[in-house]
Participant: 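Dumping the structure here so I can ask a few things about it.
The model shown is predicted, which means the values in this text are computed figures rather than measured ones. Any value given below was found using the heavy atoms of this structure, including those in side chains, with hydrogens, waters and symmetry copies removed. Note that ligands are numbered from 1 as they come in the structure, with each ligand's atoms numbered from 1 the same way.
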Amino acid sequence: MDSPNPSLFPKNSGHRNKPADERADFPLADADRCVKCALCLPHCPTYRLTRNENESPRGRIALMQGLAQEALPLDERAASHLEQCLGCRNCEPVCPAEVPYGRLIDAGRRMVRAAGHRSRRERWATAVMTRPWATRLTGGLLRLYQWSGMQWLARHSLLRLSPGLARLDGLLPDRIGRHRRRAAVRGEGKAVQLFLGCLAEEIDPGVSDAAIRLLERSGHQVVIPPNQACCSAPAQHGGDDQTARRLSDRNVAAFDGDTPVLATASGCTASLMEYDEIVSEASHRRFAGQVVDICDWLQRLDWGSAQLSLNPIEERALLHLPCSQRNVVGATGSIADLLARIPGLELLTLDSRGQCCGAAGTYLLGQAAFSEQLGQALADKVVAERPRYLLTSNIGCKLQLRRQLRRRLPECEVLHPIELLARQLQ
Ligand code: SF4
Ligand code: SF4
């Protein structure tokens with residue numbers, strides 16, 4: 001079992017830090033709604049990959065029930081079945097008993113974390129993403145690595161000997177964007193607030209640039225609260241509820257309570273929309289209700305009066321709808337309708353039912369073997385369509401699929417839908 005670095009992983013200060021506490025807090029009533037019908041199994045990517053009941057929603061729910069009732073030991077084997085869940089929630093919309101699987105797996109991960117079974121890589125990734133100074137430092141080091149020529153040297157030496165490091169290197173964007181010092185208020189008109197995200201804003205700031213450009217051009221004043229932090233998803237889904245609470249409190253305090261909060265990455269948007277799952281207080285419920293998907297917001301604008309028009313493009317684009325978009329955020333029709341506004345664009349939607357690209361937050365670091373197989377299977381479908389653009393609304397999916405396609409389909413550019421839209425602005 002990996003032991004964490006004490007400076008980055010301070011001891012919990014009080015409640016809910018012992019395995020017994022976490023078992024007692026597990027929402028057994030939600031788990032007991034599962035009637036074990038198996039309708040979710042064909043929709044679960046890890047079950048489809050392994051054909052192992054323990055890697056299915058039904059198997060994991062039964063396992064968590066056994067752990068919470070102390071009928072089963074929480075050993076490494078039990079922990080691995082919960083850790084190998086993507087948290088994609090493909091099992092939720094197909095469940096006739098409406099089992100809230102997302103809530104269950106978050107509680108299951110709290111048991112795993114309290115028992116000390118989380119992987120070192122996922123703990124490190126969560127620690128970096130949930131601390132603004134660590135995120136900025138990591139972004140700076142990655143830019144230095146890429147811009148100084150160290151990446152080129154590494155690719156011609158060390159990375160040839162280490163497939164694991166080469167895989168991590170391959171997840172980086174081709175050119176990491178320059179760090180942006182963003183003004184707190186931009187443009188004039190109807191005010192909206194923009195959520196930037198943590199590591200995404202450091203390594204892929206072009207998405208926020210595109211959002212600001214589109215919003216300014218459509219007559220909005222864009223407010224970017226400076227004290228905002230990570231959405232808390234890595235902590236919430238990694239079983240660290242104290243950090244999730246701290247981050248959600250910080251974001252609720254940073255954003256004005258009367259103005260819509262627009263978010264670009266579907267993984268972050270999903271987490272922000274469920275802040276009332278982290279803290280059930282009126283402030284967090286209100287914040288959750290303020291959050292709007294950027295594509296949904298843009299699509300609902302009156303484009304005629306906003307005087308927005310787009311240049312045509314005669315290319316094929318394939319739209320990938322991330323699991324967080326399909327299963328939590330929704331607004332999938334808005335993304336397709338928004339892209340359909342680009343004259344000449346041939347838009348296809350990637351059929352990813354029962355699949356996940358394998359990025360799943362920190363999963364692509366902690367569960368490399370499963371992540372790799374899932375990413376390859378989805379990339380096979382993309383390659384078959386040979387699109388000029390692959391459009392996906394989540395940063396993790398973007399990094400994972402770009403790495404998968406770099407050699408197999410080098411002419412395909414992987415973008416967030418709003419990046420293509422902003423490029424085509426007249
Ligand atoms: S579909 Fe729902 S009720 Fe049926 S096994 Fe899956 S989680 Fe349980
Ligand atoms: S969240 Fe995804 S990987 Fe986990 S059990 Fe449900 S469908 Fe399977």
Participant: Against heavy atoms of C44, which atoms of ligand 2 measure under 4.0 Å?
Facilitator: 3 (S), 5 (S), 7 (S), 8 (Fe)
Participant: Could you list the atoms of ligand 2 found under 4.0 angstrom from a heavy atom of P45?
Facilitator: 7 (S)
Participant: What are the atoms of ligand 1, with element, lying closer than 4.0 Å to any heavy atom of C95?
Facilitator: 1 (S), 2 (Fe), 3 (S), 7 (S)
Participant: Just which atoms of ligand 1 are under 4.0 Å from any heavy atom in K36?
Facilitator: 5 (S), 8 (Fe)
Participant: For atom 8 (Fe) of ligand 2, does an N/O/S atom of C88 lie at less than 2.8 Å?
Facilitator: no
Participant: Take R182 and D209, measure what salt bridge (charged side-chain N to carboxylate O under 4.0 Å, His left out) needs, and give me the verdict at the end.
Facilitator: CA-CA 10 Å; R182 300 204 184 270; D209 291 345; 2.8 Å; yes
Participant: Backbone, side chain, both or neither: what part of Y101 comes under 4.0 angstrom of ligand 2, heavy atoms only?
Facilitator: side chain
Participant: Only one of R245, R113, R109 passes salt bridge (charged side-chain N to carboxylate O under 4.0 Å, His left out) with D240; say which it is.
Facilitator: R113
Participant: Starting from atom 5 (S) of ligand 2, find the nearest protein heavy-atom neighbour and note its residue, name and distance.
Facilitator: R60 NH1, 3.3 Å
Participant: Do the side chains of R300 and D296 get close enough for a salt bridge, i.e. N-O under 4.0 angstrom?
Facilitator: yes
Participant: Hey, are N394 and Q325 close enough side-chain-wise for a donor-acceptor pair under 3.5 Å?
Facilitator: no
Participant: Which pair of heavy atoms, one from F287 and one from L272, lies closest together, and at what distance?
Facilitator: CE2-CD2, 3.9 Å
Participant: At what distance is the nearest protein heavy atom to atom 4 (Fe) of ligand 2, and which residue and atom is it?
Facilitator: C85 SG, 2.3 Å
Participant: Give me the nearest non-hydrogen protein atom to atom 8 (Fe) of ligand 1 as residue plus atom name, then the distance to 0.1 Å.
Facilitator: C34 SG, 2.4 Å
Participant: Just so I know, are the side chains of R103 and E277 near enough to count as touching, which here means a heavy-atom distance under 4.5 Å?
Facilitator: yes
Participant: Ignoring hydrogens and geometry beyond distance, is a side-chain donor-acceptor pair present between T138 and E202 at under 3.5 Å?
Facilitator: no
Participant: If we ignore angles and hydrogens, is there a donor and acceptor under 3.5 Å between the side chains of R341 and Q299?
Facilitator: yes
Participant: May I ask you to identify the nearest protein heavy atom to atom 6 (Fe) of ligand 2, giving residue, atom name and distance to one decimal place in Å?
Facilitator: C91 SG, 2.4 Å
Participant: With heavy atoms of P96 as the reference, note each atom of ligand 1 found under 4.0 Å away.
Facilitator: 1 (S)
Participant: Between the side chains of E83 and Q367, is a donor N or O closer than 3.5 angstrom to an acceptor N or O?
Facilitator: no
Participant: Does the side chain of D75 come under 3.5 Å of the side chain of H117 through a donor N or O and an acceptor N or O?
Facilitator: no
Participant: What is the closest protein heavy atom to atom 1 (S) of ligand 2, and at what distance does it sit?
Facilitator: R89 N, 3.2 Å
Participant: Among protein heavy atoms, which sits nearest to atom 3 (S) of ligand 2, and what does the distance come to when rounded to 0.1 Å?
Facilitator: L86 N, 3.4 Å
Participant: Looking at I61, which atoms of ligand 1 are within less than 4.0 Å of one of its heavy atoms?
Facilitator: 7 (S)
Participant: Work out whether the distance between some heavy atom of P57 and some atom of ligand 1 is less than 4.0 Å.
Facilitator: no
